[in-house]
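Lettering of chains follows the sequences in order, A, B, ..., and the numbering in each one begins at 1.
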Amino acid sequence: METAHRKHPNYVLIWVYLAILTAIEIGVAFMSHLPKQIIIPALVFFAVWKALLVALYFMHLKFEPRKLLILAIIPLPLAAIFVLAAMSEHVW
Amino acid sequence: MAHATATVDMMHPPAPAERGLDVYNNKLGMWVFLASEVMFFTALIGSYIILRFGAPGPWAPPAKVLNVPVTAFNTFLLICSSVTMVKAYAAVADGETHFLRFRPFSGGLKFWMLATIIGGAMFVGVQAYEYTHLVHHGFLPSGAREGSEVAELVASGVVPAATIGLYGSTFYTMTGFHGFHVTCGVISMTYLYVTKALRGKYSRHDYRGVEVIGLYWHFVDLVWIILFTIVYLI
Amino acid sequence: MTTVAATSHVAHAHHDDRSFLRKYIFSTDHKIIGIQFLFVSLFFLLVGGLLAMQMRWQLGFPGKPMPGGGILPDTMAPGGVLLPEYYIQLVTMHGTFMVFFAIMPLLVGVYANFLIPLKIGAHDMAFPRINMASFWSALLAGLIMLAGFFVPDGAPRAGWTSYAPLSARPDLSGASYGQMLWCVSLVFLGLSSILGSLNYITTIINNRAPGMTWFRMPLSVWSLFITAILGLLALPVLSGAVIMLLFDQTIGTHFFDPVAGGQALLWQHLFWFFGHPEVYILILPAMGMVSDIISNGSRKPIFGYHSMVFAIVAIAFLGWIVWGHHMFMSGMNPTLGSSFMVSTLIIAVPSAIKTFNWMGTMWRGNLRFHVPMLNAVAFVAMFVIGGLSGIYMAATPVDMFIHDTYFIVAHLHYVLFGGSLFALFGAITYWYPKMFGKLMSEPWGKVHFWLTFVFYNLVFFPMHTLGMAGHMRRIYDPTQYDFLKPYQPLNEFISISAFALFAVQAIFALNFILSLKWGKKAPQNPWEDNGLEWSLPAPAPHGNWETVPTVYRGPYEFSSPQVPEDYLPQYRKLPTDREPARTPVAGH
Amino acid sequence: MHWWLPLKGSTFAGEIDGLFLAILIITGIAFVIVEAGLLWFVVKYRGRPGRKAYYTHGSTRAEVIWTAIPAVTMVALGLISNHYWVKIKGRNSVPPNAYPIAIHAKQFEWQVTYPGPDGQLGTADDFEVRNQLHVPVGRPVVVHLTSEDVIHSFFVPVFRVKQDAVPGMNINVWFQATVPGTYELGCAELCGLGHYRMRAQVFVHTQEEFDAWMKQAAKGGATS
Ligand code: HEA
Ligand code: HEA
Ligand code: CUA
Ligand SMILES: [Cu+2]
């Protein structure tokens, strides 16, 4: 059948990325003196980045059929709609 | 696929009338389940965002109430257990179901899975330690316990009184349910380890259990990445 | 390599030597699980009905001792006179049981389980043991809910919607353990639904018979598929919400407690974000099964199959963005209200497609009025009334007047009873032979249908009038209000009709139970239908088929010019049919 | 008992009733088409032996028609409704000269606070009356709704007005009464075992009557 060793992404490298990003996050949150308007988007950005690394490589979504990817992201717009609508409450 | 082989390769999807999602049942089932988990955490995390957005005052700075260094270490633990999990998957996919081999040095399924179980169990342990300490200091799901350290912080204005109740509610509910998920993961993985991995039931042609529990594991890790950022850092 | 997976579990199909316990109690057979759900949820339907009768007694004859009410303890009805706190327990538990433990398991638990493998040509569900867990979890949930009546302080008292902070504060509602059990029960129910849904979705995607392409699936399977997606994504939101509510009650969290910064409206957002998809869970399977039955009864292909599928998907999608229409008067941001109004109104469009396509199916048909067909046509007629009354509420200024009045009560019973329950009466009769190998009595079925149809409308149509008078919901004694006193005769009339409606359900119950033993033996294909399930003997055996049938065409080929009879089963091979190509499976 | 909506007691009651009627007509047409059509088909196409149904899978043209007509109707209805919605409940809908009254709902009573002779809430001459809402006719009134404990709902059928009173929120709702008389105010949101009896009386006075009542009530004899 196929060769015994399939090509795997370099998982250890991803792990290093994740560790570094976490360190940066902690740095941004506690060591920097940036205003909150910058810190929060930056932290969210790093969190999403890390989440993507996990989903795409560790959960190998990147290598799955496209349809599975679609299935996996169906709930996300629903979640966003919910949170945004309920938040708009406080604009009254 | 043209090669005829005697082994049934369970990693292939069943043959529906038309292409399904091109993945086998258990994996599809797990992904579908994870979609529902996303909605479950949407309820919890969404409520947190909504409550915090509409809160009657500023939120307490995390570092004043929580023990961030311990949790940072815990985060690191969980990331490590994620990489060991994926190493276990890669090992079994390559047919390496041994524990350790020394020349050349390589870890097999049994090694990496055990490492993952230990990592997960340690995470839960550290979280239990964190909780006991927080409760000891007077930080409760309902807010600050009277006469406690946290209550003093509230009294001195370091921690806003108006939102400490919400802080406790959302903190314990979100991290608690995450911890519950990790615990479930550790238990199921131990079960698979003992009944399947150790007994040599996994092979290059059938490692569905490893892949499926791996998906769950990484998902729980992913949730933690979000939680750590929004609960402990922001 | 050809894949073995699809044929590998056939071996044990006909050597059925499982013990009684394995066969009927802890069964993993999708058909038995469906039947277990059927018995359990009919029982809960009866419970819900009994609660409704007590409510109707109080509303029709406020303050008079209820006949037989003497057996109730003094905490509920001293001397047979219902107490106000007992009345709101009745309302709460009636709504809860009907929605969560009667209609939802009847539609999804019973028919998703029973029909999906049979109609797509699978030997069983993808995960039979998860399926069994789903049933036991639902049963446990139902029993926990029922236990609410027997704990100190009695059942929950905050309505089936359990609005916080009333539900979160035992000191304000008067219900302590009952309300906690409500939460715990719904967590288990959510678990049951999620486990079920992931099973249905996986089975439909991966386990279809050769030739059963997406667009050859019966509409019942399509609607159950979409329903499963709704259940999968909606129920976890409910679980999350009730867990927070439970924590508010027990460990002192403040999610919904405004005093400590919590938000009362958050509960409503969470509940209805689940709740509106939930009401479509309660109608879509009914629509699917009605489509099957109407096509069969008209002896005509369904009109506009593809747009019917599209309409199901559209309803399901829109169902996620309309939840705020339950909160127009809640103090929610009015601009948000506007957008919820528009999205709600748009749902009339896919619903119109469905309605007119059902009519198109009957148009120039050769209608057979067997009992399922009668009920299916009644479904269309009644669902439309309920759907149209939804338009009044969707228009926010009108909702300002009719919100929380009996207009809403009328609406919800028209869609839930007139819609879902009529469809279920039809579906139960239709698939009864495949479940039990017996036919239900046709004449008694018709008697039951007509009496139900008449009394049902006598009960619920006048509620529109009450609503237009401003009659509030969930009130124990309408005669407290001077402006409602003139309407008391109407309330009395509704109550008497309701008792009659309940009484005639005995015909159905007897027909159902007695036919199990004394019913006529069912032929293999009593309704001359096209679905794969009719290629099996009645009752369908364990494992379904030795080898799954091959599918050659869509499910609605009635009166096809290709054959002399007026039906052409999906599994029947005509000389002109070619074998479907097995789709090659992608390797890794 | 009558079969139509109750007395129109506020300025927008007529508009709401008009919208109700418009929807009644739209849905009435849909209702008649569907129910009469069903009945007709049931009779006309009832099964006869030896006949076969007409074999068709549908008609795109027919489907486009019955998709487009409801779509257009619904969008139009949405626009019209929204016009009234914004006018009645919109963020800036409260007329600037509205007479302020504060209502605090609590299990199971309505605590109505009047601004007193100076017409301003939050001043020393405010006074409170339980379960009685007195308003002048022909003048917009804005009610500041709050709640003590759970959610209640302020509902005056003759005004066609309903608004939940939510703990932790301060919600403004306005109306302008048009017909003097005595009416009822009900609680429309389940709020506990006394929900059914949480009612109050609404008195719509002429301006002179109102002023007289106000003078007398402010002195402490707050029963009419
Ligand atoms: C099976 C359940 C079910 C279904 C299918 C629906 C369907 C709809 N519902 Fe209903 N609803 C409930 C169950 C359901 N509902 C329940 C249980 C409640 C009360 C909850 C509680 O508070 O306890 C409720 C409450 C409720 C409210 C809140 C009222 C209030 O509390 O003030 C609203 C408001 O918009 C609403 C609207 C609608 C609409 C627009 C539809 C639409 O989907 C209907 C669409 C159908 C049609 C319109 C008919 C067919 C179409 C035609 C014949 C075409 C021609 C039509 C036109 C041109 C108009 N519903
Ligand atoms: C599917 C849902 C469903 C069904 C079928 C019913 C059925 C009935 N309902 Fe209910 N109702 C609700 C869902 C439903 N209801 C909901 C969600 C609410 C809102 C609750 C809330 O406000 O919180 C409500 C509220 C509600 C009210 C408003 C109470 C109030 O606001 O104060 C009233 C009042 O008359 C009422 C009456 C009735 C009556 C007389 C029936 C009758 O039709 C009952 C007739 C009896 C039966 C249908 C049972 C017959 C039994 C069988 C057929 C079983 C056969 C058994 C075997 C074979 C073993 N209901
Ligand atoms: Cu106050 Cu109901
Ligand atoms: Cu809805």
Side-chain angles (χ1 to χ4, degrees), chain C residues 84-85 159 163 165-166 172-174 258 264 299-301 303-304 307 329-331 334 338 341-342 345-346 348-349 352-353 355-356 359 362-368 381 384 388 391-392 395-398 400-401 403-404 465 468 470 472 474-477 480-481 483 486-487 559-561 566, chain D residues 1 3 5-6 16 19-20 23 27 30-31 34-35 37-38 41-42 45-47 51-55 57-58 63 66-67 70-71 74 77-78 81-82 84-85 88-91 107 149-151 153 157 160 162-164 166-169 171 184 186 188-193 195-197 199:
Chain C
E85 53 265 48
Y163 276 11
L166 181 64
L172 296 178
S173 71
R299 317 307 293 166
K300 247 188 96 205
F303 199 92
S307 39
M329 300 308 131
S330 67
S338 301
M341 163 167 69
V342 174
L345 288 170
I346 299 293
V349 177
I353 298 178
T355 308
F356 292 122
M359 295 176 67
M362 290 167 66
W363 171 70
R364 296 185 68 182
N366 190 30
L367 309 190
R368 287 187 190 170
V384 164
L388 292 175
I391 303 297
Y392 294 73
T396 42
V398 178
M400 185 150 116
F401 179 51
H403 171 66
D404 268 337
T465 308
M468 283 167 64
M472 287 81 94
R474 297 164 169 175
I475 51 172
Y476 159 73
D477 183 357
Q480 287 278 320
Y481 287 89
F483 75 99
Y487 291 86
S559 301
S560 159
D566 65 357
Chain D
M1 180 169 102
W3 301 93
L5 300 158
I16 289 177
L19 197 56
F20 188 95
I23 298 175
T27 54
F31 173 80
V34 175
E35 307 295 347
L38 279 175
F41 288 177
V42 161
Y45 301 118
R46 67 185 182 278
R51 203 186 68 181
K52 241 178 156 180
Y54 171 62
Y55 179 76
H57 283 96
E63 288 181 76
W66 63 56
T67 311
M74 287 302 103
L77 181 60
S81 305
N82 195 48
Y84 292 117
W85 175 242
I88 300 168
K89 282 259 170 119
R91 207 172 295 176
Q107 280 183 338
D149 34 42
V150 301
I151 302 176
S153 192
R160 307 288 185 275
K162 185 176 288 126
Q163 177 59 56
D164 287 4
V166 185
M169 287 172 86
I171 303 171
E184 273 172 302
E189 185 65 62
L190 177 58
C191 52
L193 72 90
H195 164 59
Y196 72 102
R197 54 179 159 80
R199 64 193 182 329

> Work out which heavy atom in C/N366 is nearest to a heavy atom in D/G47; give both atom names and the distance.
OD1-CA, 3.1 Å

> Which bit of D/V34 is near chain C, if near means a heavy-atom gap under 4.5 Å: side chain, backbone, both or neither?
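For D/V34, the contact with chain C is made by backbone and side chain together.
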
> Considering only heavy atoms, which portion of C/V398 lies under 4.5 Å from any heavy atom of chain D: side chain, backbone, both, or neither?
both

> Answer with side chain, backbone, both or neither: which region of C/S330 has an atom nearer than 4.5 Å to a non-hydrogen atom of chain D?
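Both backbone and side chain.
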
> Rounded to the nearest 0.5 Å, what's the gap from OG1 on D/T27 to CD1 on C/I391? Could you check?
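Between atom OG1 of D/T27 and atom CD1 of C/I391 there are 8.0 Å.
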
> Determine the option with the most heavy-atom pairs under 4.5 angstrom with chain D, choosing from C/M359, C/E85, C/M400, C/R474.
C/M400

> Just so I know, are the side chains of D/L77 and C/M341 near enough to count as touching, which here means a heavy-atom distance under 4.5 Å?
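No; the side chains remain at least 4.5 Å from each other.
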
> Please report the closest heavy-atom contact between D/I151 and C/P165, naming both atoms and the distance.
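Closest approach of D/I151 to C/P165: CG1-CD, 4.0 Å.
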
> Under 4.5 Å heavy-atom distance to chain D, tell me which part of C/M472 shows up: side chain, backbone, both or neither.
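Side chain of C/M472 only, per the 4.5 Å heavy-atom cut-off to chain D.
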
> So how far is it from D/K52 NZ to C/R364 CZ, rounded to the nearest 0.5 Å?
14.5 Å

> Which residue out of C/V342, C/D566, C/T465, C/T396 racks up the most heavy-atom pairs below 4.5 Å with chain D?
C/T396

> Within this structure, what is the OH-CH2 distance for the pair D/Y45 and C/W363, rounded to the nearest 0.5 Å?
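Spacing of OH (D/Y45) from CH2 (C/W363) equals 7.0 Å.
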
> Against chain D, label C/Y163 side chain, backbone, both or neither, depending on which of its atoms sit under 4.5 Å from a heavy atom there.
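When you check distances to chain D, only side chain atoms of C/Y163 fall under 4.5 Å.
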
> Write down the atom of C/A264, the atom of D/V166, and the distance for their closest heavy-atom approach.
CB-CG1, 3.6 Å

> Relative to chain C, which of D/G168, D/G90, D/A188 shows the most heavy atom pairs under 4.5 Å?
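Heavy-atom pair counts peak at D/A188.
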
> If only atom types and distance count, is the side chain of D/Q163 paired as donor or acceptor with the main-chain N or O of C/M329 below 3.5 Å?
yes

> Evaluate side chain to side chain contact (heavy atoms under 4.5 Å, CB included) for D/R197 paired with C/D477, printing each intermediate quantity in order.
CA-CA 8 Å; D/R197 54 179 159 80; C/D477 183 357; over 6 Å; no

> Counting heavy-atom pairs under 4.5 Å with chain D, which one of C/R368, C/K300, C/R299 comes out on top?
C/K300

> Test side chain to side chain contact (heavy atoms under 4.5 Å, CB included) on C/Y481 and D/Y196 and set out the steps.
CA-CA 9 Å; C/Y481 287 89; D/Y196 72 102; 5.9 Å; no

> For residues D/P6 and C/F483, determine if any side-chain heavy atom of one lies less than 4.5 Å from a side-chain heavy atom of the other.
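No; the side chains remain at least 4.5 Å from each other.
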
> Does a side-chain heavy-atom distance below 4.5 Å link D/E189 with C/L166?
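D/E189 vs C/L166: side chains apart.
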
> Heavy atoms only: give me the nearest C/G331-D/I171 pair and the separation to one decimal.
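Looks like CA-CD1, 3.7 Å.
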
> Using a 4.5 angstrom heavy-atom cutoff, name the option from D/C191, D/P70, D/A30, D/G58 with the most pairs to chain C.
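Heavy-atom pair counts peak at D/G58.
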
> How close do C/L172 and D/Q107 get, counting heavy atoms only, and between which atoms?
O-NE2, 2.9 Å

> State, yes or no, whether a side-chain contact exists between C/F401 and D/L5 at a heavy-atom distance under 4.5 Å.
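With C-beta onward as the side chain, the pair touches.
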
> Taking every heavy-atom pair that is under 4.5 Å apart, which of D/R199, D/R46, D/M74 has the most such pairs with chain C?
D/R199

> Begin from the C-alpha positions of D/L193 and C/Y476 and carry the test side chain to side chain contact (heavy atoms under 4.5 Å, CB included) through to its verdict.
CA-CA 9 Å; D/L193 72 90; C/Y476 159 73; over 6 Å; no

> Measuring heavy-atom distances to chain C, does D/I88 have an atom under 4.5 Å in its side chain, in its backbone, in both, or in neither?
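Contact with chain C is through the side chain of D/I88 alone.
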
> Would you call D/L38 and C/M362 a side-chain contact if the rule is heavy atoms closer than 4.5 Å?
yes

> Tell me the closest heavy-atom pair linking C/P397 and D/Y84, and the distance in Å.
CG-CB, 3.9 Å

> Measure the acute angle between the ring planes of C/F303 and D/W66, then classify it against the limits of 30° and 60° as parallel, tilted or perpendicular.
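Tilted: the ring planes of C/F303 and D/W66 meet at 30° to 60°.
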
> Among residues at least two apart in sequence or on other chains, which ones pass ring pair (Phe, Tyr, Trp, His ring centres under 6.0 Å) with C/Y392?
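Once residues adjacent in sequence are excluded, the partners of C/Y392 under the ring pair (Phe, Tyr, Trp, His ring centres under 6.0 Å) criterion are C/F407, D/F20.
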
> Where do C/S338 and D/W85 land on the side chain to side chain contact (heavy atoms under 4.5 Å, CB included) test, with the steps shown first?
CA-CA 8 Å; C/S338 301; D/W85 175 242; 3.3 Å; yes

> Check for a donor-acceptor pair, side chain of D/K162 on one end and backbone N or O of C/D404 on the other, with a separation under 3.5 Å.
no

> Can you sort out the partners of D/D149 under side chain to side chain donor-acceptor pair (under 3.5 Å), two or more places apart, ordered by chain and number?
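Side chain to side chain donor-acceptor pair (under 3.5 Å) list for D/D149, sorted by chain: D/H152.
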
